[in-house]
Number of protein chains: 2
Amino acid sequence: MLKVAHRTLELLEYICTSPQKEFSVTELSQRLGLNKTKVYRMLRVLAERDYLRHDEKTGRYHLGLKPLELGTQVAAKTGLLEVVSPYMEKLSREIKETINLAVMRSNKIVYIHKIESPHFLRTDLRVGTSVPVYCSALGKAMLAWLPEQEQEKILGALEMVAYTPHTITCLEDLKLELKRIRDKGYAVDNEEYISGITCIAAPILDGHKKPVAAISAAGPSLRLNGEKITQSGELIARYAAEISFRYGYSK
Amino acid sequence: MLKVAHRTLELLEYICTSPQKEFSVTELSQRLGLNKTKVYRMLRVLAERDYLRHDEKTGRYHLGLKPLELGTQVAAKTGLLEVVSPYMEKLSREIKETINLAVMRSNKIVYIHKIESPHFLRTDLRVGTSVPVYCSALGKAMLAWLPEQEQEKILGALEMVAYTPHTITCLEDLKLELKRIRDKGYAVDNEEYISGITCIAAPILDGHKKPVAAISAAGPSLRLNGEKITQSGELIARYAAEISFRYGYSK
DNA sequence: AATTGCGTTTCTATATTTGAAACAAGGAGG
DNA sequence: CCTCCTTGTTTCAAATATAGAAACGCAATT
């Protein structure tokens with residue numbers, strides 16, 4: 001079952017995900033509840049391969065460039081960004097709001113690419129950050145198209161915190177919402193995570209009809225409302241479907 | 001010494017780096033000379049964490065999106081791209097050739113970002129690909145500023161193949177060239193890897209004066225020659241120094 | 001000088017990994 | 001339809017790497 005490998009990757013993911021930039025052995029061992037010696041040895045492995053760097057002066061570890069390098073290679077090989085970027089740029093010109101690309105990671109979504117809105121007033125969810133699935137259009141879009149079994153698994157484990165007065169906090173409501181999303185073809189986040197911000201998203205599906213990612217437009221509810229939501233939603237859904245077609249079969 | 005962790009990461013890196021897109025257990029075990037059972041189990045670990053995906057139909061493994069996600073997070077956290085991109089864009093406008101950002105990985109350099117030249121005629125080294133250090137301006141720029149000990153280690157292990165008539169194939173010549181590069185402040189690849197392509201690069205140094213990456217301009221020797229090389233080189237070196245200053249101390 | 005806190009090393013019982021071999025499942029060919 | 005390959009996957013005993021408390025060395029602090 002390769003425990004060490006698992007835990008080493010877990011440690012790497014923890015360090016990459018955490019907002020913190022530098023870590024000491026003791027700190028990490030406490031925070032992850034692991035033996036100090038073990039953490040020390042895993043850090044050495046990661047540092048040896050340049051996933052992390054070891055500052056000899058302070059003894060602390062910070063990020064190396066290997067993950068970025070691998071990410072770049074994966075992006076190049078899967079062609080995800082290559083295929084999606086042109087559509088995102090089209091959406092940017094047509095909708096004139098911030099356009100995002102995100103993937104799902106357990107019960108969160110993680111932004112992996114974005115094109116800034118030309119407007120002065122814009123959302124500031126940076127690439128790399130994550131948001132709970134149930135209160136983001138991107139998350140709901142992917143949830144809605146997930147095979148029932150996997151959907152249930154995620155829904156069952158959700159802790160539904162209210163970030164704003166509009167956040168959906170009842171599981172039944174969420175299930176109804178997911179059904180509506182499938183019917184419409186796109187998801188809308190109506191100020192469910194940040195007050196004043198509306199977001200519209202549609203999923204990118206692979207060859208097995210499973211969502212691999214989602215694209216969205218996000219902006220102030222002052223601009224994104226009424227008819228604009230419907231228009232943008234249909235546009236995003238159409239492009240997402242085209243991307244799905246190209247991505248799902250090109251592999 | 002955490003062998004399993006090491007080998008699992010090695011396997012991941014192999015899969016990300018290889019031009020191939022799909023792999024079977026047997027194939028990988030043969031290619032890496034490892035026991036089939038072991039490879040099988042490592043692949044399971046990587047697939048479980050979404051570094052890879054397992055196609056249940058064919059039994060083969062292909063890339064997942066976790067590496068891309070981690071890469072994005074590292075890019076966001078280190079701020080490397082955030083700091084470097086604006087300079088790359090300036091260089092693009094001023095030099096009007098393809099601008100690259102690369103890191104060093106053992107005896108190769110790996111492209112991690114690029115801005116295409118506005119010209120029709122342009123180089124086509126895609127992001128994610130790698131080139132031997134000794135015949136690339138980016139590689140030579142980083143080599144030149146590496147601490148002597150590390151430099152020796154890499155130079156000692158080089159196999160110097162001639163890709164073009166201009167490729168440096170003698171170690172002594174390369175050492176002299178590295179000295180010249182340090183004196184000038186920038187490196188030039190004079191058709192040493194691809195005939196007809198010239199490349200000019202300077203290193204980005206961290207707080208310990210060690211190169212973490214390098215930026216370059218690349219284009220047809222027809223346009224990049226004579227005075228243009230000197231001008232571009234000085235510009236690139238100046239910007240690289242500014243980036244070093246900002247990156248080296250912001251950490 | 002003593003103490004605290006850190007990264008690192010040591011050491012042995014223990015649990016995990018190892019890998020040949022067996023198994024199951026599918027496809028190719030006769 | 002059956003056989004023979006070739007897959008991916010599981011089993012199991014032996015070999016080996018890991019775990020983790022404890023000790024160590026070294027700073028910085030008191």
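Naming: A, B, ... by sequence-line order, numbering from 1 per chain.
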List every contact pair, protein side and nucleotides 6-10 of chain D side both N or O, where the distance is under 3.5 Å.
unit_1, atom_1, unit_2, atom_2, d
dG8(D), OP1, V25(B), N, 3.1
dG8(D), OP2, T26(B), N, 3.2
dG8(D), OP2, T26(B), OG1, 2.4
dG8(D), N7, K36(B), NZ, 3.2
dT9(D), O5', Y40(B), OH, 3.3
dT10(D), OP2, Y40(B), OH, 2.8

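- The interatomic distance linking L2(A) (CG) with dT17(C) (P) rounds to 5 Å, in whole Å.
- L43(A) has its side chain within reach of I15(A): a pair of non-hydrogen atoms, C-beta onward, lies under 4.5 Å apart.
- One can place CZ of R7(B) at 13 Å from P of dT16(D), the figure rounded to the nearest angstrom.
- At whole-Å resolution of the value, CG in L34(B) and P in dG19(C) are 8 Å apart.
- Here the shortest heavy-atom pairing between S216(B) and L138(B) reads CB-CD2, 3.5 Å.
- Under the 3.5 Å distance criterion, the side-chain polar atoms of E27(B) are matched with a main-chain donor or acceptor of S24(B).
- Five base pairs at each end of the helix from dA1(C)-dT30(D) to dG30(C)-dC1(D) define two local axes, and these are offset by 30° (rounded to 10°).
- Using modelled atom types, one side-chain atom of Q73(A) and one backbone atom of G128(B) make a donor-acceptor pair closer than 3.5 Å.
- Without hydrogens or angle criteria, T72(A) side chain to L68(A) main chain gives a donor-acceptor distance under 3.5 Å.
- Regarding N35(B), its CG atom lies at a distance of 15 Å from the C1' atom of dT16(D), rounded to whole Å.
- The backbone N or O of Q20(B) sits less than 3.5 Å from a side-chain atom of K77(A), completing a donor-acceptor pair.
- Under the 3.5 Å distance criterion, the side-chain polar atoms of S18(B) are left unmatched by any main-chain donor or acceptor of Y14(B).
- Taking atom CG on L32(A) and atom P on dA19(D), their separation rounds to 14 Å, with Å as the unit.
- Between the NZ atom of K57(A) and the P atom of dA27(D) there is a distance of 14 Å, given to the nearest Å.
- When rounded to the nearest whole Å, the span between CE of M1(B) and P of dA19(D) equals 13 Å.
- Summarising the geometry, the separation between NE2 on H6(A) and P on dA17(D) is reported as 21 Å, rounded to the nearest angstrom.
- Residues H6(A) and R49(B) bring a donor and an acceptor atom of their side chains to less than 3.5 Å of each other.
- For the pair Y51(A) (side chain) and L9(A) (backbone), a donor-acceptor distance under 3.5 Å is absent.
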